[in-house]
Trainee: 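Just dropping this structure here.
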Amino acid sequence: MALLDIQNLVVEFQTASGSFRAVDGVSLHVDEREVLAIVGESGSGKSVSMLAVMGLLPWTATVTADRMSFNGRDLLKLSPAERRKIVGKDMSMIFQEPMASLNPCFTVGFQIEEVLRFHMGMDRAPRRERAIELLTQVGIADPEERLSSFPHQMSGGQCQRVMIAIAIACNPKLLIADEPTTALDVTIQKQILDLLVSLQAKYGMGLIMITHNMGVVAETADRVIVQYKGRKMEEADVLSLFESPKSNYTRALLSALPENAVGDRLPTVSDMLFEPAPSGAAA
Amino acid sequence: MSIKVVEGKNIVRDYHVGGGLFRAQRTVHAVKGVSFTVDKGKTLAIVGESGCGKSTLARIITLIDPATSGELFIDGNKVDIAKGGLTKEMRRKVQIVFQNPYGSLNPRQKIGDVLGEPLLINTDKPAAERRDLAMKMLKKVGLGHEHYNRYPHMFSGGQRQRIAIARALMLNPSLLVLDEPVSALDLSVQAQVLNLLADLQDEFQLTYVFISHDLSVVRYIADDVMVMYFGEAVEYGSRDEVFADPKHSYTRTLFAATPRADVASIKTRLAKKKAA
């Protein structure tokens, strides 16, 4: 059975000018030990659909789905208190801006231990021990010293490692990484991606990688979902997506990669998207 | 016969930081002696990670920041803004486009005023003429007349970057410094902006200094490539040389770290995963 199973997810936002549909009938599933990448441009609803799963959307959002189950539990029927027990424990998320997603007022040690205290009910000494173990796992040198560092004393890459440590603190079954490397340099990006994939393999987590970078998809994913304007354009395993993309949008996206340039101009998505029959794109 | 538009000789930039009551002053060597030349109509790409001094170098070339030592020539004339100040003519010749189009446009200024302002400050053209030129420039960068009276928040990231490019081009510069112009943009929009830059380069014979950390973009747009690491140019050569045969170990690290989106590398990764 799938770890996370979503059927026909719709997310609408109430705005001053009527309701806006950010996610329009997306279905997806993730199995244990699987890396699913969700690719799309800004505004494609890729983050919003995952925030809906986590229950982190503001009150202006209306979430409806035919089914939204995680690990056999129906997420739609959970009370907020019950959901808080799952979110951060069995299912956790890493965000794009590591500097912005850590609290600047508390040490990283406090922020890691907070999760352990809340979800695992651990005592002070074992909490500290576990926090050191986690920092070691995510590859931070001098973990004991680092526990008392504040986020501003660390680099972006290190902050992202701390975020990962917090996310995996309770051995989650599903880890959602929302553009985990977009704010980082390529060399650091490589390290973080390697870390995520190795942790995923080690603990047999399901991993959802939200990204707009085709390179990141190619380097990490088992299966890929391509989203555009809130709709799912294509779903395929990674090799066949790159070898023989089915939807026009995916083809357009791949040919807009600078490394695939032929001649001295790049084909753009709008050039290709609406030329051939759009019925292909809707499939 | 190629004309050198910009030439830097052994450019150094030090920043002095700290120096409080209990702490000694410290000197940060942001750029440690970098030399380069760019010919007319060509593109020099400067690559490196954050903190390597590439943006400092961009500020020096754009004549925003003076170099601590070293010589900078623009169109063959030596420029030193620390001593001689900056003439309007020099300001006209070099323009910059910044990374973040959300931060580089004044939210309370209409696009028409954004584009007219360089002319207002640097020339004595009358308002009607400024307006005409701004309209023409909007067309050039793929926007329309109807955008003239709109505010920056009404535009998408890609459109804003077009506006920033248009503003930089208003004074007919010979050199355009592009500081990560596409890293904040989506893939498809990135392609459009890169195409626009290529079109404009052909039309006006522009010279670009293109700063980026994305090697795939650099490979596509650059004629020459300089790789910077901790303030030094560790690698400098034509694009094909650098990409075919990187000499410095840092350049090789950089190439190895860049994610590859081709079928062959996916196959090797999947095979490795299966074996593990």
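Just so we're on the same page: letters track the sequence lines, and every chain starts at 1.
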Trainee: Heavy atoms only: give me the nearest B:E49-A:T187 pair and the separation to one decimal.
Mentor: OE1-OG1, 3.4 Å
Trainee: What part of A:T220 gets within 4.5 angstrom of chain B, counting heavy atoms only: side chain, backbone, both, or neither?
Mentor: backbone
Trainee: What residue in A:A221, A:G40, A:S155 has the most heavy-atom pairs under 4.5 Å with chain B?
Mentor: A:A221
Trainee: Please give me the minimum heavy-atom distance between A:V186 and B:A257, naming the atom from each residue.
Mentor: O-CB, 3.7 Å
Trainee: Which value, rounded to the nearest 0.5 Å, describes the distance between A:M214 atom CE and B:S216 atom OG?
Mentor: 12.5 Å
Trainee: Considering only heavy atoms, which portion of A:V217 lies under 4.5 Å from any heavy atom of chain B: side chain, backbone, both, or neither?
Mentor: backbone
Trainee: Looking at B:K267, B:H213, B:R269, which has the largest count of heavy-atom pairs under 4.5 Å with chain A?
Mentor: B:R269
Trainee: Write down the atom of B:A261, the atom of A:A218, and the distance for their closest heavy-atom approach.
Mentor: CA-CB, 3.7 Å
Trainee: Quick check on B:K273 against chain A: is it the side chain, the backbone, both or neither that has a heavy atom closer than 4.5 Å?
Mentor: side chain
Trainee: Looking only at non-hydrogen atoms, find the nearest pair between B:P259 and A:Q189 and report the distance.
Mentor: CG-NE2, 3.1 Å
Trainee: Is atom OH of B:Y102 surrounded by more than 12 heavy atoms (other residues, nucleotides or ligands) closer than 6.0 Å?
Mentor: yes
Trainee: Out of the candidates B:L187, B:L185, B:D186, only one should pair with A:H212 under the side-chain contact (heavy atoms from CB on, under 4.5 Å) rule; please name it.
Mentor: B:D186
Trainee: Would you mind checking which part of A:V39 comes under 4.5 Å of any heavy atom in chain B, side chain (CB onward), backbone (N, CA, C, O), both or neither?
Mentor: neither
Trainee: Given a strict heavy-atom distance threshold of 4.5 Å, which part of B:R219 is in contact with chain A: side chain, backbone, both, or neither?
Mentor: neither
Trainee: Rounded to the nearest 0.5 Å, what's the gap from OG1 on B:T258 to CD on A:E219? Could you check?
Mentor: 9.0 Å
Trainee: Is it the backbone or the side chain of B:D199 that comes under 4.5 Å from a heavy atom of chain A, or both, or neither?
Mentor: both
Trainee: If you round to the nearest 0.5 Å, how far is CG of B:D214 from CG of A:D185?
Mentor: 11.5 Å
Trainee: With distance as the sole test, does B:R260 use its side chain to make a donor-acceptor pair with the main-chain N or O of A:G215 at under 3.5 Å?
Mentor: no
Trainee: Does atom CZ (A:R33) have a neighbourhood of more than 12 heavy atoms from anything else shown, all under 6.0 Å?
Mentor: no
Trainee: Measuring from A:L257:CG to B:S188:OG, what's the distance to the nearest 0.5 Å?
Mentor: 11.0 Å
Trainee: Decide if atom CZ of B:R239 counts as having more than 12 heavy atoms of other residues, nucleotides or ligands within a radius under 6.0 Å.
Mentor: yes
Trainee: More than 12 non-hydrogen atoms from neighbouring residues, nucleotides or ligands closer than 6.0 Å to CD on A:Q153, yes or no?
Mentor: yes
